[in-house]
There are 2 protein chains.
Amino acid sequence: MSYEDAIAALADPSRRAIVESLRTGARPVGEIADGLPISRPAVSQHLRVLTDAGLLTCASSGTKRLYAISPEGVDALRRYLDSLWGDALACFSEAAQSKKEQL
Amino acid sequence: MSYEDAIAALADPSRRAIVESLRTGARPVGEIADGLPISRPAVSQHLRVLTDAGLLTCASSGTKRLYAISPEGVDALRRYLDSLWGDALACFSEAAQSKKEQL
DNA sequence: CATCTTCGTAACTCATGACTTACCGTAAGT
DNA sequence: ACTTACGGTAAGTCATGAGTTACGAAGATG
């Protein structure tokens, strides 16, 4: 749910591959697993982590389960990085300023 | 250098704490370590990972080394998430659309 | 020169987590 | 009711990496 969980979830290459495969739309578990070099149970475990982190949503349709990217989860991460980027820029320009004043 | 390395680097809580401590400006290694519950060598190793990932820059000043957040590295991550967010929103609105049409 | 500070590196331990196989529940088809 | 398809869970293995202590290199200081 927090952005920390989202970052930790996206740190794994397999989980990033799953998210990439969902960029074009929702997909069932088996279809996701077919496109990856890991077993279906492994995919299930990754899907759980991604869902717990708020990055994915799940919708049951019969025996199938459709997973999709959750805009809210991605946005939480986005906002954190925006804030970090703002501070980094401020420090950067301030450092450049004080360096100029030393001349 | 790539956004993958940046995500992996920020996945660790200690490394996020280091980045947080640099939000207000550049600091030497010892000062960073004093604010954390881990040893100075551990901080050094984390600083290496963060620097390799392009998230930090290092400037030597005598025996001291000043680390600071690198705006470029953060921006690379930011852009990745922006693109992911865009796709997620598109899928979300498309799904909502096709659900409406089913009524 | 001797010493102290500052920091990086080496070697090692130990916990975490990614993956596998095996199994179980549930919904659809015959 | 039986079987098949889909997918989550359990238990176990194994590699990765975060942390430690010990040591070494390089610049400041007396």
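The shown structure was predicted, so the numbers you read here are calculated from the model rather than taken from an experiment. Letters A, B, ... mirror the listed sequences (proteins, then strands); counts begin at 1.
Side-chain contact between B:L10 and B:R15: absent, with no pair of heavy atoms (C-beta onward) separated by less than 4.5 Å. Side-chain contact between B:R23 and A:C91: absent, with no pair of heavy atoms (C-beta onward) separated by less than 4.5 Å. Contact annotation: the side chain of B:V49 never approaches that of B:L55 to less than 4.5 Å [non-hydrogen atoms, C-beta and beyond].
Atom-to-atom, CZ of A:R48 to C1' of D:dA10 comes out at 13 Å; the value is rounded to the nearest Å. When rounded to the nearest whole Å, the span between NZ of A:K64 and C1' of D:dG8 equals 17 Å. Taking atom CD1 on A:I38 and atom P on C:dG17, their separation rounds to 16 Å, with Å as the unit. Here the P atom of nucleotide D:dG8 and the CD1 atom of A:I18 are 11 Å apart, to the nearest Å. Protein atom CG of A:L36 is 13 Å distant from nucleotide atom C1' of C:dC19, rounded to whole Å. If you measure from atom CG of B:D5 to atom P of D:dT16, you get 16 Å, rounded to the nearest angstrom. Distance B:E31 CD to C:dT5 P: 17 Å, rounded to the nearest Å. Following rounding to the nearest Å, A:L50 (CG) and C:dA18 (C1') show an atom-to-atom distance of 13 Å.
Counting non-hydrogen atoms under 4.0 angstrom, A:P28 reaches the backbone sugars and phosphates but no base. Among the protein residues, A:R40 comes within range of the nucleic acid bases, having at least one heavy atom under 4.0 Å from a base atom.
Residue whose closest nucleotide on DNA chain D sits further toward the 5' end, between B:H46 and A:G30: A:G30.
For the pair B:S44 and C:dT9, the criterion of a side-chain N or O lying under 4.0 Å from OP1 or OP2 is not met. For the OP1/OP2 pair of C:dT6 and a distance below 4.0 Å, the side-chain nitrogens and oxygens of B:Y67 include no atom meeting the criterion. In this model, the phosphate group of D:dT21 is not approached by any side-chain N or O of B:S39 to a distance below 4.0 Å at OP1 or OP2.
With hydrogens and angles ignored, a donor-acceptor pair under 3.5 angstrom links the side chain of B:Q45 to the base of D:dT20. The base of C:dG8 has none of its N or O atoms less than 3.5 Å from a complementary donor or acceptor on the side chain of B:R65.
The line from CG of A:L89 to CH2 of A:W85 is 4.5 Å long, rounded to the nearest 0.5 Å.
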List every contact pair, protein side and nucleotides 3-5 of chain D side both N or O, where the distance is under 3.5 Å.
none

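Relative to the side chain of A:A42, the nucleotides C:dC19, D:dG8, D:dT21 differ in distance, and C:dC19 lies closest.
Contact between B:V43 and B:I32 at its shortest, heavy atoms only, is CG1-CG2, 4.0 Å.
Other residues, nucleotides and ligands contribute at most 12 non-hydrogen atoms within 6.0 Å of the CZ atom of B:R48.
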Between B:R79 and B:D75, does the salt bridge (Lys or Arg N to Asp or Glu O under 4.0 Å) criterion hold? Intermediate values first, please. CA-CA 6 Å; B:R79 278 202 298 268; B:D75 194 43; 2.6 Å; yes

